[in-house]
Amino acid sequence: MPDDITSRISNEDLTRRLTRAEYPRSNSYDARWVIENQMGPNALWLLEWLAPALGLDTLRPGARVLDLGCGRAMTSVFLAREYDVQVTAADLWVKPDENARRIAEAGFADRVLPVHAEAHDLPFAEGSFDAIVSIDAYQYFGTNDLYLPTLTRLLKPGGRIGIVVPALREEPEGEEPPEHLRQWWQPDFWCFHCADWWRRHWTRGGAVEVEAADWQPDGWRDWLLWCDVVAEESPEEFHRTMARDVGEMVRADEGRALGFVRLVGRRP
């Protein structure tokens, strides 16, 4: 009994620490469940920030949504639970059987279909979806100029794509990273771009009409809080180590360069 009480109190403290006024929907999810299934920044917080820009006319009950790069399908469960949509949860790294178990345990097997898919080889017909959502994934495959037109053909006319990506406040000049981030900088960080870069990237191809491209105010603070919690509480050593390393970088940066950008585009 003492162990159970200690665990319950610890969970209550953890919940209080992660309760954010900005994310009332996310606050209702079990904090341990979110930590155990995270694969980076807090995907539920980022999706809750994105959703108003997508609009309730897009996330209407029964709408078909592709959750691209869904990871462990937390965002897919969130979409089904919060908006009563039908979700295709597509990921390359996490096996569909694993996500199917997680989805069923959450009670949404009838509304979320997990599939194994590579972002450049999506097995869906043109016009299959009312919306495409991608949280902390699009930067890995979507910076190519030819990608967006190929992806948005899967949207119905008038459908929307919305993404949130780790980003830079401004594009670096030259070929070097910001000096204060040099010790942490990895080659794949060059896929981080500013809001204006993403707006141009999506606008010039004509595949979508860009409706939002903005920087999250103080997003770095949420990122840092989440890193600190995951570094302490994740059951996986890999994620604890990664969270510590990223947390050091975000703490040193203090929002000067690093944060998040959301984009929403509408297929004409």
Side-chain angles (χ1 to χ4, degrees), residues 15 18-20 22-119 122-125 127-138 151-152 154-156 158-165 212 226 260 262-267:
T15 298
L18 291 175
T19 296
R20 311 287 288 167
E22 301 92 336
Y23 310 117
R25 293 179 185 265
S26 300
N27 291 339
S28 68
Y29 289 76
D30 180 79
R32 293 284 177 197
W33 182 79
V34 180
I35 290 170
E36 289 169 2
N37 292 303
Q38 61 81 34
M39 296 181 68
N42 189 312
L44 299 191
W45 290 350
L46 296 179
L47 178 53
E48 189 163 356
W49 178 51
L50 172 66
L54 275 171
L56 292 179
D57 59 326
T58 297
L59 296 177
R60 63 188 181 277
R64 296 192 62 194
V65 180
L66 173 61
D67 187 1
L68 184 57
C70 68
R72 291 173 170 166
M74 285 197 303
T75 47
S76 303
V77 168
F78 185 97
L79 287 164
R81 177 185 174 189
E82 302 300 326
Y83 301 102
D84 194 21
V85 296
Q86 295 289 326
V87 185
T88 299
D91 200 79
L92 176 65
W93 296 342
V94 181
K95 296 179 180 179
D97 288 350
E98 296 176 13
N99 275 342
R101 287 192 295 271
R102 204 165 6 254
I103 292 162
E105 289 169 358
F108 293 95
D110 61 332
R111 277 183 272 172
V112 181
L113 174 66
V115 300
H116 181 264
E118 203 280 328
L122 297 172
F124 310 114
S128 293
F129 299 101
D130 299 288
I132 298 172
V133 169
S134 185
I135 303 298
D136 185 30
Y138 193 89
L151 178 62
T152 53
L154 303 181
L155 284 172
K156 297 175 182 178
R160 289 184 173 88
I161 176 173
I163 70 171
V164 178
V165 291
W226 183 243
F260 298 98
R262 69 178 169 189
L263 269 86
V264 173
R266 178 182 176 275
R267 182 180 179 183

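Scanning both residues, Val112 and Ala80, for their nearest heavy atoms gives CG2-CB, 3.7 Å. Of all heavy-atom pairs spanning Ala117 and Leu122, the tightest one is CB-CD2, 3.9 Å. The minimum heavy-atom distance linking Leu47 with Phe78 is given by the pair CD2-CD2, 3.5 Å. What you find for Glu82 and Ser28 is that their closest heavy atoms are OE2-OG, 4.4 Å. The heavy-atom pair separating Asp136 from Met39 by the smallest distance is OD2-O, 4.5 Å. In this structure, Leu46 and Pro41 approach most closely via the heavy-atom pair CD1-CB, 4.0 Å.
Separation of atoms CD1 (Ile161) and CG (Leu66) is listed at 8.5 Å; rounding is to 0.5 Å. Note that the SG atom of Cys70 and the CG atom of Leu79 stand 10.5 Å from one another [nearest 0.5 Å]. Of the inter-residue distances, the one linking Asn99 atom CG with Asn37 atom CG reads 8.5 Å to the nearest 0.5 angstrom. With values rounded to the nearest 0.5 angstrom, Arg266 atom CZ is found 10.5 Å from Leu155 atom CG. The CD1 atom of Ile135 sits 10.5 Å away from atom OG of Ser76, with the distance rounded to the nearest 0.5 Å. Taken from CZ in Arg20 to CH2 in Trp226, the straight-line distance is 12.0 Å, to the nearest 0.5 Å.
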* Val133 vs Leu54, side chain to side chain contact (heavy atoms under 4.5 Å, CB included): CA-CA, chis, key distance, verdict -> CA-CA 9 Å; Val133 169; Leu54 275 171; 3.8 Å; yes
* Quick one: do Arg111 and Asp84 satisfy side chain to side chain contact (heavy atoms under 4.5 Å, CB included)? Show the steps, please. => CA-CA 8 Å; Arg111 277 183 272 172; Asp84 194 21; 2.8 Å; yes
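Contact check for Arg267 versus Phe129: no side-chain heavy atoms found under the 4.5 Å cut-off. Side-chain contact between Glu105 and Val77 is absent, with no heavy-atom pair separated by less than 4.5 Å. With contacts defined as side-chain heavy-atom distances shorter than 4.5 Å, the pair Val87/Phe108 does not qualify. Two residues are said to be in side-chain contact when any heavy atoms from C-beta on lie closer than 4.5 Å; Leu56 and Tyr83 meet this criterion. Looking at Gln86 and Val65, their side chains never come closer than 4.5 Å, going by heavy atoms from C-beta outward. Side-chain contact check for Leu18 versus Ile35: some heavy-atom pair is nearer than 4.5 Å. Between Pro24 and Glu48 there is a side-chain heavy-atom pair separated by less than 4.5 Å.
Side-chain N or O atoms of Arg102 include none that pairs as donor or acceptor with a backbone N or O of Ala73 at under 3.5 Å. Side-chain N or O atoms of Ser134 include one that pairs as donor or acceptor with a backbone N or O of Leu68 at under 3.5 Å.
Remark: Asp91 does not engage Arg72 in a salt bridge, criterion side-chain N to carboxylate O under 4.0 Å. Salt bridge Asp130/Arg64: absent, no basic N to carboxylate O contact under 4.0 Å.
The cationic atom of Arg81 (NZ for Lys, CZ for Arg) lies less than 6.0 Å from the six-membered ring centre of Tyr29 and within 45° of the ring axis.
Using cut-offs of 30° and 60° on the angle between ring planes, the pair Trp45 and Tyr23 is parallel.
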